[in-house]
Protein chains: 2
Amino acid sequence: MAVNGGKLDEAARAAWLYYVAGNTQDQIAAKLGVSRQSAQRLVSLAVSEGLVKVHIDYPIAHCLDLSKALRETYSLSFCEVVPTDPGSTSTTLGVAQATAAEIENWLGRPEPLIMGIGTGRTLRAAVEHLSTMECPQHRIVSLTGNIAPDGSAAYYNVIFTMADKVKARFFPMPLPVIASSEKERETLHAQPMIRPTLELAAKADVTFIGIGELDDEAPLYVDGFITREELQALRRAGAVTEIIGWTFDPQGRLVEGITNERVASAPIPSRETSLVIASAMGKKKLPGIRIALEGKLINGLVTDEATAEALLTPSLR
Amino acid sequence: MAVNGGKLDEAARAAWLYYVAGNTQDQIAAKLGVSRQSAQRLVSLAVSEGLVKVHIDYPIAHCLDLSKALRETYSLSFCEVVPTDPGSTSTTLGVAQATAAEIENWLGRPEPLIMGIGTGRTLRAAVEHLSTMECPQHRIVSLTGNIAPDGSAAYYNVIFTMADKVKARFFPMPLPVIASSEKERETLHAQPMIRPTLELAAKADVTFIGIGELDDEAPLYVDGFITREELQALRRAGAVTEIIGWTFDPQGRLVEGITNERVASAPIPSRETSLVIASAMGKKKLPGIRIALEGKLINGLVTDEATAEALLTPSLR
DNA sequence: CCATAGCATTAGCATTTGCTCAATCGCTCA
DNA sequence: TGAGCGATTGAGCAAATGCTAATGCTATGG
């Protein structure tokens, strides 16, 4: 720890000299008394450890236009559109950083608030971009269970990662994502540990969620929360997208009779009382985002240019 | 404007692809349909226009230690210590960025506040690092006059530059820094345009100031607010440092009888009601910073490692 | 005390970046 | 219409950076 900390300390210093003071790596090497290669390693360590935060502080007109159009079309209270990298296959690039910035923005406020946190790859990537902050005045509540099918803490439940970065009061949900029966869900939800957390989730001032697909790589299936048979049954019943465990049909209605009766997650907080921000981009998520928007499940969105344009093009379904 | 804006737009996009998406300049060139050199130019334009904000998000132990020691030694409410670049001759490097971040931090708060702004090279450099922000709830008041001796707006009065970046309610002070006589100052201060501004300054919640030397490059003299003779008289009378026009002796007392009776600035806001943050670094400013600290003129400080260490070494006077 | 595994460091090279200078483009004004 | 001039572009090269493979070093266990 001390050694590792000292290393990161040096890395941070090297990165500072490089990025802020504008030294070359040769100069840094001389100043820190190490070889040029070591200086390079320190800088690259700082980058890979996420110590170096870069952001482009300029409102790109096209992104602003798209954001405004989306806000108006879907009556959103919040919408952020980041540039698209035409060559990238990443499904989080840019959106993760922007979501992290928005989370930081909320957590930076002095007045106490309740933040709901969903799950998924995108949200996880966002949380990894968070700075360390101290904000004991806020309460952060997980909307989904965090027990993986094998009994371990679910990897894509991001609240534990978030707790490493942010000092606030955390309320994880010690539940599976999907209970084995409707009755089990009732029992679990009635537990004294769970009920206050559910009540807190309902009172969230701001909520960040991801949007899941229900194709063959559906996160619910890949992470083992549902079986292949259940996935197929959901699709046959018309389910197209998933948000914090709940599955929806193209009209934004909960699909009944398969898994939704057993989902142990909190309901998505009400748009009336909470700002519900979805973070998602990419072609595969398009139907899901559209459902969330048209079904009025969300009132905030972080996405990229390409997805924003597709959302504004009349649906071809 | 439209052309320039379009250019910056492209530059921002190129910089985004470079720094956030991690493309090489060749890839960017291909994606934007320009030559490699043009892509390079766009990225470098974005950097030079200050569109690219880099910050190192890691608390370097040595800086934290110094900051803590300074807070305790001088009972400061706020202290930030940035790394020192041993080779640099800059007197603002790092401190400017850190001060900008702190200003942004205050301006980002939703509850309305009054911010006092002093003058000087360091503060100017800080303001140039500010992001554009919208915060109409805040009021920002200049503590010094902004009329240069030639009648133009004084360059190092930073409030106008700040107004370009930040949308808030600004209260500049249409006065010279130093009036021609005590009587003139009284007259000016009694003006209906001035009095409310002075009252606002006295109520500042947070105040950012620089610290000026009184050597041969004294800003007051270089900028033409005082004559060489006045500078020499001030020095003979024991004046060592200057803050928003006021000159102080080593005991932190106002030097009487030379210029202080004619200084048209607002008084430094009270430490009882305002957080008064000085930003300064470098050997030349050391005596000034020490006076400000020991004379309890300030209760916040942004400086660099080398200066912090010197401040913690018992004075050799 | 020695052997060895694992990690850090170095050297050398390929890639990427930034700079300079000459050429070209486009605009203004006679 | 064309000359003049500033701005923009591209080519080539030098500097800076990042990667890989080989070497050296340290700690641990026999």
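Basis for what follows: all heavy atoms, side chains included, without hydrogens, waters or symmetry-related copies. Bear in mind the structure is a predicted one, so any value in this text is a computation, not a measurement. Proteins get letters first, then strands, A, B, ... in listed order; numbering begins at 1 in each.
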In this structure, how many angstroms lie between the P atom of D:dG12 and the CZ atom of B:Arg36, rounded?
12 Å
Check: B:Gln97/B:His55 side-chain N/O donor and acceptor closer than 3.5 Å:
no
When rounded to whole Å, the CG to C1' distance for the pair B:Leu45 and D:dT9 reads 15 Å
State whether B:Ser35 places a side-chain N or O below 4.0 Å from either non-bridging phosphate oxygen (OP1 or OP2) of D:dG10.
yes
Decide, yes or no, whether a salt bridge links A:Glu128 with A:Lys165 under the criterion of side-chain N to carboxylate O below 4.0 Å.
no
Considering only C:dG12, D:dG18, C:dT17, which nucleotide approaches the side chain of A:Gln37 most closely?
C:dG12
OP1 or OP2 of C:dT17 under 4.0 Å from side-chain N/O of B:Tyr18
yes
Under 3.5 Å side-chain donor-acceptor pair for A:Asp57 and B:Thr132:
no
Are OP1 or OP2 of C:dT10 and a side-chain N or O of A:Ser38 less than 4.0 angstrom apart?
yes
A:Thr24 or B:Val34: which one's nearest nucleotide on DNA chain D is closer to the 5' end?
B:Val34
Measuring from the side chain of B:Arg41 (C-beta onward, heavy atoms only), which nucleotide among C:dT10, C:dT17, C:dT20 has the closest atom?
C:dT20
Can you find a side chain N or O atom of A:Ser44 that sits less than 4.0 Å from OP1 or OP2 on D:dG18?
no
Side-chain donor-acceptor contact under 3.5 Å, A:Thr307 with A:Asp304:
yes
Looking at B:Gln40, I'd like to know whether one of its side-chain N or O atoms comes within less than 4.0 Å of OP1 or OP2 on C:dG18.
yes
Here the distance between atom C1' of D:dC19 and atom CG of A:Leu42, to the nearest Å, is 16 Å
Mind calculating the distance between CD (A:Gln25) and C1' (C:dT16) to the nearest angstrom?
12 Å
